Engineer: 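Could you have a look at this structure, given as structure tokens, before my questions?
On a predicted model such as this, the values are computed, not experimentally measured, just so you know. Proteins come first, then strands; the chains are lettered A, B, ... in the order of their sequence lines, and each starts at number 1.
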Number of protein chains: 2
Amino acid sequence: MTEPQPHTTTLGRLVGYRLRRASAVFASDFAVTLEGTGIRQIPMGILAVVADNPGINQGTVGRLLGIKRANMVPLINELIEAGLIVRETDPTDRRAFTLGMSAEGQRMLTECVARIEAHEERLLSGFTAAEKATLLDLLERIEQRAVTTD
Amino acid sequence: MTEPQPHTTTLGRLVGYRLRRASAVFASDFAVTLEGTGIRQIPMGILAVVADNPGINQGTVGRLLGIKRANMVPLINELIEAGLIVRETDPTDRRAFTLGMSAEGQRMLTECVARIEAHEERLLSGFTAAEKATLLDLLERIEQRAVTTD
DNA sequence: TATTGTTATACTCTATAACTATA
DNA sequence: TATAGTTATAGAGTATAACAATA
């Protein structure tokens, strides 16, 4: 991560480029912030979705987060081996798995969210509450433009 | 890419998560848009920086774009093998390389920029000019918070 | 000694295709 | 037939360490 492109350059005018760089700033600070927990950005997303939707099944988590079925497998295995989530066969559909938080996972998530909120406040310390809300709104609207292919 | 997280969820409130998803929306549409050209996001960034700064050296390009020295090597080789950029030994520092556009590279860049502008207009069709300007401004301010480590 | 570019290497994330077991 | 999860595999992107040539 280094010097930004002034907005007078070819790249500086491109929203896609700016998004990539801003996202990278958050990702690398995220990694530093959660150092020691062993939690990365993607597994953290899974933990958060499972906590918000106890009993959700594996495929649905992937669909919500834009993670392909095949790539979910090792991610879920990792979280189970770490003792953070629990997997059960769905009694109503024996092909599917039902996911839930372990007590340890819930503790870990709470800890991570606290650290992440501090890291976001740090990175956005130059922003007013209104600016942050505007940013979230604009980003959410971009997300809604996604071509839902899977 | 699929259903977004409502802003009432754990993830929906996190700017880092929203940035990652919005960035992914742009990246996947970018890939479709430049399909057939063989140009990806990162190499496109390099082309744009070299075009804006003829005679720039390899390391500087990497520093501007947040690409590590070691990772620049195959990227530059790829662009040279494709005949898009030209590499010369810097006469004032024989360790360093000086990069420039080939005629073909300049044509390719012009073509790509035109397509990218159309793709950005499409993705941002629900945004006013003021909203787009606000977004670019907010993202640029985040970039400036980057911890410049290398 | 420090820096430019290189090589080798490893890890994460993403993508596709073919498989199984259930539905 | 279609779907949930799995396996195998390949490609991009990113990271570190050690090296040669030059400063």
Engineer: Whole-Å distance between dG5(C) C1' and I80(B) CD1?
Structural biologist: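 Checked: the CD1 to C1' distance equals 12 Å.
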Engineer: Does E121(B) CD have over 12 foreign heavy atoms under 6.0 Å away?
Structural biologist: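 At most 12 heavy atoms, drawn from other residues, nucleotides or ligands, come within 6.0 Å of this atom.
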Engineer: How long is the line joining CD1 of I67(B) and P of dG5(C), in whole Å?
Structural biologist: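 That distance rounds to 13 Å.
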Engineer: Between dT14(C) atom P and L65(A) atom CG, what is the distance in whole Å?
Structural biologist: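 For the pair L65(A) CG and dT14(C) P, the rounded distance is 10 Å.
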Engineer: Do R145(B) and S125(A) pair up side chain to side chain, a donor and an acceptor below 3.5 Å, judged on atom types alone?
Structural biologist: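 A donor-acceptor contact under 3.5 Å links the two side chains.
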Engineer: To the nearest Å, how far apart are F30(B) CZ and dA12(D) C1'?
Structural biologist: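 To the nearest whole Å, that distance equals 14 Å.
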Engineer: Would you mind telling me which of dT16(C), dT14(C), dA8(C) lies closest to the side-chain atoms of I42(A)?
Structural biologist: dT14(C)
Engineer: List the steps, then state whether salt bridge (charged side-chain N to carboxylate O under 4.0 Å, His left out) holds for R107(B) with E111(B).
Structural biologist: CA-CA 6 Å; R107(B) 263 194 306 278; E111(B) 158 79 9; over 6 Å; no
Engineer: What is the distance, to the nearest angstrom, from the CZ atom on R69(B) to the C1' atom on dA20(D)?
Structural biologist: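 R69(B) atom CZ is separated from dA20(D) atom C1' by 13 Å.
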Engineer: Of all of residues 71-79 of chain B, which get a heavy atom below 4.0 angstrom from DNA chain D, listed by number?
Structural biologist: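 By residue number: N71(B).
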Engineer: Specify the separation, in whole Å, of atom CD of Q58(A) and atom C1' of dT7(D).
Structural biologist: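 About 13 Å, once rounded to whole Å.
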Engineer: Looking at G16(B), is its backbone amide N or carbonyl O close enough to the side chain of E120(A) to form a donor-acceptor pair, meaning the two atoms are under 3.5 Å apart?
Structural biologist: yes
Engineer: Name every residue in residues 82-100 of chain A that has at least one heavy atom under 4.0 Å from any atom of DNA chain D, in order of residue number, or write none if there are no such residues.
Structural biologist: R87(A), R95(A), A96(A), F97(A)
Engineer: In whole angstrom, give the distance that lies between atom CG of L34(A) and atom C1' of dT12(C).
Structural biologist: 16 Å
Engineer: Go through it in stages, so that I can follow the logic: the residues are V61(A) and F97(A), the test is side chain to side chain contact (heavy atoms under 4.5 Å, CB included), and I'd like the CA-CA distance, side-chain angles, deciding distance and then a yes or no.
Structural biologist: CA-CA 11 Å; V61(A) 174; F97(A) 285 145; over 6 Å; no
Engineer: Are a donor atom and an acceptor atom from the side chains of T60(A) and N57(A) found within less than 3.5 Å of each other?
Structural biologist: yes
Engineer: Does the side chain of T37(A) reach to within under 4.5 Å of the side chain of R115(A), using non-hydrogen atoms?
Structural biologist: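 Yes - at least one pair of side-chain heavy atoms lies under 4.5 Å apart.
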Engineer: Measure from the side-chain heavy atoms of N57(A) and tell me the nearest of dC13(C), dG5(D), dA15(C).
Structural biologist: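 For the N57(A) side chain, the nearest candidate turns out to be dG5(D).
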Engineer: Indicate whether OP1 or OP2 belonging to dG13(D) is found under 4.0 Å from a side-chain N or O atom of R40(B).
Structural biologist: yes
Engineer: Does E88(A) have more than 12 heavy atoms from other residues, nucleotides or ligands lying within 6.0 Å of its CD?
Structural biologist: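 Check fails, neighbour count at 12 or below.
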Engineer: Does dC13(C) have OP1 or OP2 under 4.0 Å away from a side-chain N or O of Q41(A)?
Structural biologist: no
Engineer: What is the distance, rounded to the nearest whole Å, between atom CD1 of I39(A) and atom P of dT12(C)?
Structural biologist: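 Interatomic distance, CD1 of I39(A) to P of dT12(C): 13 Å.
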Engineer: Just checking, R141(B) and F127(A): is the charged tip under 6.0 Å from the six-membered ring centre and within 45° of the axis?
Structural biologist: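 The answer is yes; both the distance and angle limits are met.
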Engineer: Can you tell which of dC13(C), dG5(D), dT6(C) lies closest to the side chain of P43(A)?
Structural biologist: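 Nearest to the side chain of P43(A) among the choices is dC13(C).
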